[in-house]
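Numbering of ligands and ligand atoms starts at 1, following listing order. Throughout, residue positions are numbered sequentially from 1 according to the sequence presented. Bear in mind the structure is a predicted one, so any value in this text is a computation, not a measurement.
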Amino acid sequence: MNPIILGIESSCDETAAAVLHGNRVLSNIVATQDVHAKYGGVVPELASRAHQGNIVPVVDAALKQAGIALKDVDAITCTIGPGLMGSLLVGLSFAKSLSLALNKPLIGVNHMQAHVLAHFIGDTPEQRVPEFPFLCLTVSGGHTQLIRVNGPLEMVVVGETIDDAAGESFDKAAKLFGLPYPGGPHLDRIARTGNDSAFQFARPKVPGLDFSFSGLKTSLLYLVQHEQKQNPDFIASRLPDLSASYQKAVVDYLLQVLERAAHTEGLRTVALAGGVSANSLLRERIQTLAKENNWELFIPPFGYCTDNAAMIGIAGYYLYQSGYRNDLTTRPQARMSYH
Ligand code: KG4
Ligand code: ZN
C-alpha cells in the first residue's frame with residue numbers, strides 16, 4: 001500500500017505544504033513571503049513570523065486540495081535543515097505537534113537531498129526518472145553542490161562552493177543593479193535582450209570539483225565602479241548587456257565544473273536541481289552540453305526546481321519506506337550533512 005505523506009517546507013522564505021500518495025503529488029501549495037523584497041534579502045526574524053502566520057492555512061489548503069483528512073495521513077515529513085534556524089523551527093514544531101496529536105510518524109528531511117529527489121516525483125506513469133548512479137548539480141540560493149547519487153538515500157557531495165552559492169551570486173549582482181529580491185529571475189528576464197559578450201569576467205580557478213563565486217561578484221562590482229566614474233548612469237544604460245554577460249559567466253562556469261565532474265566520476269546520467277535550474281540560459285546550455293557529451297539529462301519542471309513541499313514529501317516517502325523515523329527530541333540543523 002502506498003502511504004499518504006504530508007510534506008512541510010519552511011527552511012527559508014517559502015512556507016509550503018504538499019500531500020503525496022506514494023510518489024504521486026495530490027496537492028502542492030507554496031506561500032511566498034513578499035515581506036523581504038524591500039530589504040533586498042531574507043530577514044530571518046520576519047521569515048519566522050511569516051511562517052507562523054502561513055503554516056496553518058498552507059497545510060490546511062494542501063489537505064483540502066488533496067481531498068485528504070488528517071487522520072488518513074500516514075507520516076508527517078518536514079525539512080529539518082539546512083536553513084534558517086527560526087524558520088526551520090516553525091515547520092518542525094508544527095510537524096511535531098501533528099505527529100504527537102495524530103500518533104503518526106515524524107520524518108525529518110534534508111532540504112538539499114529533497115531538491116535532488118524532486119526528480120522522482122511521479123506525476124505521470126510514463127515519466128522517465130534518472131537511473132542510479134547519477135550526477136546532480138544542485139544550484140540554489142544557499143547552496144551549490146555536485147552530488148553523486150548512488151541511491152535515493154545514498155548521496156555523496158563530490159564538490160561544492162567554498163563561498164557564495166550560484167543563486168546568491170545572481171541575487172547579489174541583481175541587487176547591485178537595483179533589482180528587487182530575489183533578483184535571479186529578474187536578471188534572467190533582462191538578460192534575454194542583452195549582448196552576452198559585452199563584458200568579460202575572469203573565470204574562477206578552484207582546484208578539484210569545488211566552486212567559488214565571490215571573485216565573479218567582485219569583478220562585476222569593480223567593473224561597475226570603474227565605469228560609473230565616467231558615466232553615472234552606466235548600470236541603467238547597459239543593464240541588459242551587464243545581465244547577459246554576468247549570467248553567461250556564471251552559467252559557463254557551472255557547466256565547466258559539471259563537465260569535469262561527470263568525467264571524473266565516470267557518470268553519463270546528469271541531473272539539475274534547485275532554484276537556479278529555473279534559469280533559462282542554464283536550461284538551454286546544459287541541454288547542448290548533454291548532447292555533446294552523450295549524457296542522459298534530467299531537469300525537473302519549474303515548480304519542483306524552486307522551493308516546494310512536494311520534494312519534501314518525496315524525500316519523506318523514501319525515508320518512510322526505509323524505516324527511518326525521527327522522534328520529538330529532533331532539532332533543526334542550520335547546517336546539515338546528508339542522511
Ligand atoms: O532552491 P531555491 O528556491 O531556494 C533555496 O533553497 O535557496 O533557490 C532560490 C534561488 C534564488 O537565488 C533565486 O534568485 C534563484 O534561485 N533563481 C534563479 C531563477 N529562478 C530562481 N536564478 C536565476 N535565474 C532564474 N530564472
Ligand atoms: Zn531550496
Side-chain angles (χ1 to χ4, degrees), residues 7-16 18 28 30-33 36-37 40-42 44 47 51 78-84 87-88 91 109-119 136-145 147 160-161 164-177 179-192 194 196 211 213 216-217 243-244 246-255 271-286 299-315 334-336:
I8 297 173
E9 155 63 27
S10 72
S11 65
C12 189
D13 59 342
E14 255 96 32
T15 321
N28 186 26
V30 183
T32 303
Q33 304 177 358
H36 310 287
V42 176
H51 283 305
C78 74
T79 309
I80 56 169
L84 300 170
S87 293
L88 290 166
V109 168
N110 179 316
H111 181 90
M112 298 311 294
Q113 212 163 23
H115 270 301
V116 178
L117 291 172
H119 285 279
C136 187
L137 172 63
T138 310
V139 272
S140 74
H143 292 81
T144 300
Q145 295 183 325
I147 302 160
E160 61 189 329
T161 182
D164 293 350
E168 194 177 356
S169 77
F170 278 132
D171 295 339
K172 285 181 175 169
K175 189 173 180 181
L176 179 69
F177 300 159
L179 301 170
Y181 179 86
H186 296 285
L187 205 132
D188 183 356
R189 181 175 39 80
I190 295 166
R192 278 173 212 162
D196 65 9
F211 299 88
F213 288 95
L216 272 179
K217 172 191 69 188
S243 302
Y246 188 74
Q247 175 176 262
K248 180 175 183 297
V250 172
V251 168
D252 276 352
Y253 177 51
L254 280 171
L255 294 180
L272 192 59
V276 180
S277 48
N279 182 266
S280 51
L281 182 72
L282 180 59
R283 287 172 95 90
E284 186 189 309
R285 291 279 316 285
I286 200 174
I299 309 177
F302 281 110
Y304 299 149
C305 289
T306 47
D307 283 353
N308 66 89
M311 69 183 199
I312 306 304
I314 191 82
R335 300 173 70 85
M336 189 181 182

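Annotation: F170 places no N or O atom under 3.5 Å from an N or O atom of ligand 1; distance criterion only. Where the criterion is an N or O separation shorter than 3.5 Å, residue side chain and backbone included, T306 fails it with respect to ligand 1. Between D171 and ligand 1, at least one pair of N/O atoms sits closer than 3.5 Å. Residue G274 places no N or O, backbone or side chain, under 3.5 Å from any N or O of ligand 1.
Among protein heavy atoms, the minimum distance from atom 22 (N) of ligand 1 is reached at G184 CA, 3.5 Å. In this structure, the protein non-hydrogen atom closest to atom 24 (N) of ligand 1 is N279 ND2, 3.0 Å. Scanning the protein heavy atoms around atom 15 (C) of ligand 1, the nearest turns out to be V276 CG2, 3.9 Å. The protein atom (non-hydrogen) at minimum distance from atom 7 (O) of ligand 1 is G141 N, 2.8 Å. Nearest protein neighbour of atom 1 (O) of ligand 1, counting heavy atoms only, is G275 N, 3.0 Å.
In terms of modelled atom types and a separation under 3.5 Å, the side chain of N28 and the main chain of A18 share no donor-acceptor contact. Checking side-chain atoms of R285 against main-chain N and O of L255 turns up no donor-acceptor pair under 3.5 Å. Side chain of S11 to backbone of G83: no donor-acceptor contact under 3.5 angstrom is found.
By heavy-atom distance, the residue among V30, D307, V139, N308 lying nearest atom 2 (P) of ligand 1 is D307.
Less than 4.0 angstrom separates some heavy atom of G167 from each of these atoms of ligand 1: 12 (O). Set against the non-hydrogen atoms of G142, the atoms of ligand 1 under 4.0 Å away are 7 (O). Atoms of ligand 1 lying under 4.0 Å from at least one heavy atom of A278, given by number and element, are 20 (N), 26 (N).
Considering only residues two or more places apart in sequence or on other chains, D188 meets the salt bridge (Lys or Arg N to Asp or Glu O under 4.0 Å) condition with R192. In this structure A165 satisfies the side chain to side chain contact (heavy atoms under 4.5 Å, CB included) test together with T144, E168, sequence neighbours excluded. Remark: K217 engages D164 in a salt bridge (Lys or Arg N to Asp or Glu O under 4.0 Å) (not counting sequence neighbours).
If you count the protein N, O or S atoms nearer to the Zn ion (ligand 2) than 2.8 Å, you get 3.
Closest of all the heavy-atom pairs between L282 and S277 is CD2-CA, 4.3 Å. Contact between D171 and P182 at its shortest, heavy atoms only, is OD1-C, 3.9 Å. Across every non-hydrogen atom of L88 and G81, the tightest pair is CD2-N, 3.7 Å. Of all heavy-atom pairs between L187 and A174, the closest is CD1-N, 3.8 Å. Taking each heavy atom of V42 and H36 in turn, the nearest pair found is CA-ND1, 3.6 Å.
Using cut-offs of 30° and 60° for the angle between ring planes, the F211 and F213 rings count as parallel.
In this structure, H115 is part of the shell of residues with a heavy atom less than 4.0 angstrom from ligand 1. In this structure, H111 counts as a contact residue of ligand 1, since one of its heavy atoms falls inside 4.0 Å of the ligand. Heavy atoms of C12 come nearer than 4.0 angstrom to ligand 1 in no pair at all.
For D188, every heavy-atom contact with ligand 1 shorter than 4.0 Å involves the side chain, none the backbone.
For the atom pair CG of N308 and CD of E14, the computed distance is 9.0 Å after rounding to the nearest 0.5 Å.
The six-membered or imidazole ring of F177 lies away from that of Y246, with a centre-to-centre distance of 6.0 Å or more.
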